[in-house]
Structures are given as structure tokens and as C-alpha cells.
Amino acid sequence: MSKVRVRFAPSPTGGLHLGGVRTVLYNYLFAKKQGGDFVVRIEDTDQTRFVEGAEQYIFNCLTWCGMEPDESPVTGGPYAPYRQSERKELYRQYAEQLIRDGFAYYAFDTPEELEKMRNDFKTAENPSPQYDGKVRMQMKNSLTLPADDVKKLLDQNTRHVVRIKMTANETISFTDIIHHEVSFDSSLVDDKVLLKADGMPTYHLAVVVDDYLMKITHAFRGEEWLSSAPVHVLLWKYLFGLEHMPQWAHLPLIMGPSGKLSKRDGATYGFPVFAMNWIDPKSNELTEGFKEKGFLPEAFINLLAVLGWNDGSEQEMYSMDELIAHFSLDRVHAAGAKFDYEKAKWFNHEWIKKLPVTNYQQRVKEIFESKNVTVTDDKYFAKVLVLVKERCTLLTDFYDQAIFFFVQPANYDEASVKPKWDNEKQDFFTALITGYNAISDWNLISIETEFKNLATEKNIKLGELQMILRVMLVGSKMGPGVFVIEETIGKTETVNRIEKALTIFSLF
RNA sequence: GCCGCGUUGGUCAAGGGGUUAAGACGCCUCCCUUUCACGGAGGAAUCACGGGUUCGAAUCCCGUACGUGGUACCA
């Protein structure tokens with residue numbers, strides 16, 4: 001059996017969304033598991049939809065996710081070029097071969113004529129008429145025009161396309177890895193355009209030709225392609241032989257709260273849809289990405305992998321290596337899955353807890369710096385991150401959870417302190433300052449001992465005091481143990497904060 | 001409209017003729033902690049519907065409904 005080769009073939013028209021990343025992921029996992037090649041091919045055959053920067057963006061996303069292609073327009077490879085626009089000249093010969101063999105034909109209909117046809121044939125039962133076996137003999141093409149006219153039109157460089165001539169009353173079926181036997185009635189499939197008037201191939205011709213030329217063995221794509229699969233199967237049969245056709249796997253769709261997931265859902269429901277931030281160069285509109293939202297790539301990959309796949313065990317957390325080891329296409333669901341942002345966040349939380357902070361320290365540091373907090377001591381920073389990581393769901397949560405380790409509270413949860421505040425407390429904290437100042441070896445035990453001894457001496461309940469102390473240090477009732485906070489921020493800072501809070505609380 | 005694909009709790013899902021129909025997220029209650037989390041113990045909640053086949057159907061078959069995708073010189 002020949003070496004496994006899979007391809008991810010995005011069209012560089014904008015952001016890379018969840019479903020796209022999962023398609024790459026399944027490609028990648030399958031290839032790595034089989035020791036095969038993972039190639040990225042850019043399908044930029046629609047020049048009108050070209051978007052500046054979109055291709056680079058896709059590669060940035062792949063890098064962030066940790067899925068580097070073996071062959072691509074940037075890394076090159078034995079089947080270059082990997083950009084379909086650069087392969088333009090290649091496709092015409094195949095289109096012409098199909099015409100010679102009677103499987104395709106030239107069509108000269110103008111867009112206006114096509115529109116007229118769709119209008120004329122439109123009925124209640126058939127709201128969107130196709131250019132198919134039922135109408136093609138009434139259109140302007142090399143099937144209806146005399147050969148001489150066709151030649152003349154061609155010689156005059158009249159704008160034309162090449163269309164496939166769909167067979168009639170044939171059952172086209174193939175075996176899909178996920179859906180198993182799938183079949184279609186060819187009479188119901190239209191004469192898809194293969195080569196456009198600008199000389200570019202459509203997706204239909206290009207996938208088949210390139211999958212063949214690039215020796216792709218397994219072709220995975222979203223289920224939205226299933227309906228056009230019969231065209232591809234026929235093209236394979238006519239051009240290269242069904243025995244060379246890759247095995248298809250039409251992956252289930254990832255659904256949003258209402259239907260197919262769209263980038264609009266992100267804005268509407270408040271969760272990211274794209275892998276990374278995407279700014280449309282024309283409109284300047286920003287669509288938020290998982291990365292910038294505060295997701296770890298490990299979590300992003302993990303949550304995508306188990307959205308539509310599981311290995312039959314109860315395991316839910318998988319590293320990329322574990323996924324490669326466990327992944328199999330026959331356990332991929334046939335049904336679409338609704339994306340659940342709550343569960344996505346849970347995965348991220350789990351990965352934040354699981355991974356050593358060194359793994360994401362730099363990213364968190366950037367988040368702090370973007371909020372004008374300068375981190376000077378990386379060791380101190382790492383220590384703080386360890387203390388608060390279990391209460392962070394997103395990387396961006398670290399700021400709120402740890403900011404008090406760097407700056408004094410700007411305001412206090414007075415509502416919690418006020419009812420508990422009295423002269424005895426005032427007295428206690430004044431004495432505490434003295435006691436703390438006298439400590440020479442500032443550590444968890446010495447701090448806690450001093451605090452507790454003083455509380456016993458003054459005969460005040462420990463709990464209330466701890467709560468007040470916490471508010472003095474943090475500003476609110478949150479964070480790790482109070483004594484741990486004191487130890488971490490140090491004696492001077494601790495005393496400073498108590499003194500400062502005292503000036504405010506004493507007015508209660 | 002037509003065609004394709006699909007249908008186990010709110011969501012992700014295991015299970016593929018005989019099970020008390022796993023587990024996870026979320027939600028609720030309680031414990032821990034006089035903080036927020038983490039952790040722990042419980043709880044509510046499911047086989048779309050109708051017909052078959054069978055001693056027995058969540059599991060097999062057929063319908064229906066619903067969902068979803070396609071129906072472009074877009075991918």
C-alpha cells in the first residue's frame with residue numbers, strides 16, 4: 001500500500017474557524033498515526049475572493065496549534081507549487097481531455113442568459129433550476145451549436161466555461177469512511193462548471209486534478225461537500241480511474257447555537273469562532289480568536305478533537321501525542337455536534353491546572369504588560385502563577401486573580417468589613433503591625449504564629465480577623481490563603497498594606 | 001421544492017437485541033475553606049414519533065416528523 005498522504009486545502013478568504021481547525025486536526029492526526037504526509041494546499045482559484053493576509057494567517061494558526069505541514073507553499077515539497085493559482089495552466093488540458101472524450105462541453109452562456117434561464121424555468125416545485133440534463137440542450141454550448149460556430153467562437157476568444165456533462169439515470173455511489181455507502185441519482189446533479197471564463201478551474205476540477213497529481217490517498221473535508229461528491233467521483237472515473245481515487249471522509253459539521261457555526265455566532269453569543277484574531281483588511285472588522293481570548297493551544301486542540309470523536313473510553317483529556325496514538329476515523333460521529341462554549345472553557349481550565357506555568361508564563365506576562373503592569377521578576381511571577389492557576393479558566397483571568405501580588409488594592413470590599421469592624425479589631429491590627437515588624441525570619445510559620453498568638457491574646461475569633469486581613473491585602477474576598485499571600489508579597493509590603501487599610505477602616 | 005446526511009438528558013457522548021441506559025460539561029444540594037477556587041458526596045434530567053421483526057428492541061427494518069447541508073463561472 002502506498003504511503004498515506006492527506007491534505008488540508010483551505011481557501012484564503014478570511015479567518016480560520018473551529019470547523020476548519022478540526023478538519024486540519026483530523027487530517028494531521030490521521031497522517032501522523034499512519035506515518036504519512038500532511039500537506040497544505042491553498043485553494044485560491046477564486047480571484048474575486050482573494051483576501052490580503054489570509055494565507056499567512058492560516059499558517060500562523062497552524063503554528064499556534066502545533067500542526068506543521070510536511071509540504072506547503074511555504075515549506076515547498078516535491079509536488080510544488082501548492083497554490084492553485086500558480087498551477088492555473090495545468091488544469092485546462094484536463095478540461096479539454098474531458099471534452100474530447102465527450103464528458104464535458106464548452107458553454108457560452110453569459111451570466112445574463114443564465115439568470116434568464118433560472119427565471120424562465122422557475123416554478124413552485126422547482127424554485128432553483130439547475131443547468132442540467134433537462135435544460136442544457138436549450139442553452140448556448142458546444143452540444144447545441146454547430147461545430148463551425150463553436151470553433152469560431154473559440155477562435156474569437158469568446159468568454160466561455162467548460163461544464164461537465166452529467167450522465168442521466170446513473171446511480172453514483174462511493175464508500176465514505178464515515179458515512180459508508182452513499183449514493184446519488186446522477187439525473188439530479190447539475191452540469192457543474194469545471195473551468196471558469198477566466199481560465200481558472202473551479203474547486204471541482206482542481207481538487208480532483210491536484211489530489212491525483214499530489215498522490216493524495218485520503219481526502220477529508222466538511223460534510224457540506226457531500227452533495228458535490230458525485231461530480232468528483234465522476235471526474236475521477238473519467239480522468240484517472242476510480243482505483244486511484246482517494247478514500248473520502250466527510251466530516252460532521254460543527255454547529256452553532258442556531259445552525260452551521262458562523263463567525264456571526266461569535267459576536268452574538270460571546271465566544272470565539274476563529275482560532276486567532278482576524279482583522280478583515282477591508283472593513284477593519286475584528287473577529288476574536290481562541291488564542292487571544294485566553295485559550296491554550298493544548299486545550300483548543302483537545303476540545304476540538306473530542307467534538308465528534310471519542311476512543312470509547314472515559315478519557316477526555318488528551319495531549320497531541322495521545323491523540324495521535326488513540327485517534328481513529330471509524331470512531332468519528334456521523335452526526336454534527338453543537339459547539340458548547342462552557343465545556344470549551346472547562347477544557348482550558350483543566351489544561352491550565354495540568355500544565356506547568358512555565359508553559360504559558362510568557363503569554364500571561366504579555367497580558368499583564370498589555371494592562372501596563374511591568375513584570376520585573378520572572379521567578380516571582382512564576383511563583384504567583386502557581387498560586388492562582390487553579391482559579392483561572394482563561395489565561396486572561398490571571399490578571400484579576402493575581403494583580404494584588406503586584407499592586408496595592410485600589411479599593412476595598414467595605415461592605416464585608418464594616419459590620420465586623422470595632423475598636424478591638426482596630427486595636428488588633430495596630431498591634432499586628434508591631435508584631436509583624438518584629439519578625440526577623442518572614443515565613444509562613446512565623447507569620448501565622450504571630451497572627452494566631454495575637455488573636456488568642458486579644459481573645460478575638462480567628463475567622464473574622466482573617467477575612468478582614470484578606471480584604472486589607474487583596475481588596476476583596478478572593479485569592480489563596482492569606483498567610484501565603486503575606487509570605488509572597490513580603491513583610492514590608494504586608495505591613496504597608498495593613499497600615500494603609502487601617503487609615504480607611506478606622507473611619508468606620 | 002428537490003437531493004444528500006443525520007436524530008441517546010440542555011450540550012458532548014458510551015452502549016449496536018435482554019444493562020438499574022456509562023461518563024463529562026452545565027445546573028441544584030451538601031461537605032471542606034469564615035474568601036474565591038480546587039477537591040469530595042449527592043441530585044434533577046435522555047433513547048424524536050408511528051408501525052413492524054422478535055419471547056424480548058435505545059439497539060434490526062419501513063415510514064413520518066424534525067434538524068442540518070447542498071441546490072453559484074464560492075470554496
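Note on naming: letters A, B, ... go to the chains in the order of the sequence lines (proteins, then strands), and numbering restarts at 1 for each one.
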Sugar-phosphate only, base, or nothing, as touched by A:Glu43 at under 4.0 Å among non-hydrogen atoms: sugar-phosphate

Rounded distance in Å - CD (A:Glu314) to P (B:rC25): 11 Å

Steps toward ring pair (Phe, Tyr, Trp, His ring centres under 6.0 Å) verdict (A:Phe428, A:Phe451): CA-CA 10 Å; A:Phe428 173 86; A:Phe451 186 89; 5.3 Å; yes

Sugar-phosphate only, base, or nothing, as touched by A:Arg221 at under 4.0 Å among non-hydrogen atoms: nothing

Rounded distance in Å between the P positions of B:rC66 and B:rA24: 35 Å

Sugar-phosphate only, base, or nothing, as touched by A:Ser416 at under 4.0 Å among non-hydrogen atoms: nothing

Between P of B:rG1 and NZ of A:Lys122, the distance in whole Å: 15 Å

Side chain of A:Lys338 - closest among B:rC12, B:rG39, B:rA14: B:rC12

Sugar-phosphate, base or nothing in reach of A:Gly222, heavy atoms under 4.0 Å: nothing

Atom-to-atom span, CG of A:Leu205 to C1' of B:rA75 - whole angstrom: 14 Å

Proximity of A:Phe174 and A:Trp236 rings by center, below 6.0 Å: no

Donor/acceptor link under 3.5 angstrom from A:Lys343 side chain onto base of B:rA24: yes

Atom-to-atom span, CD of A:Glu224 to C1' of B:rG6 - whole angstrom: 15 Å

Spacing between A:Tyr341 atom OH and B:rA24 atom C1', to the nearest angstrom: 19 Å

Touch class at under 4.0 angstrom, heavy-atom based, for A:Gln130 against every strand present: sugar-phosphate

Distance in angstrom units between A:Asn348 CG and B:rC25 P, rounded: 15 Å

Length of the CG-P vector between A:Leu226 and B:rG4, whole Å: 10 Å

Selection from B:rG70, B:rA24, B:rA75 that lies nearest to any side-chain heavy atom of A:Lys260: B:rG70

Short side-chain to backbone donor-acceptor contact, A:Arg87 and A:Ala206, under 3.5 Å: no

Sugar-phosphate only, base, or nothing, as touched by A:Ala335 at under 4.0 Å among non-hydrogen atoms: sugar-phosphate

A:Asp330 CG to B:rG15 P, straight-line distance once rounded to whole Å: 11 Å

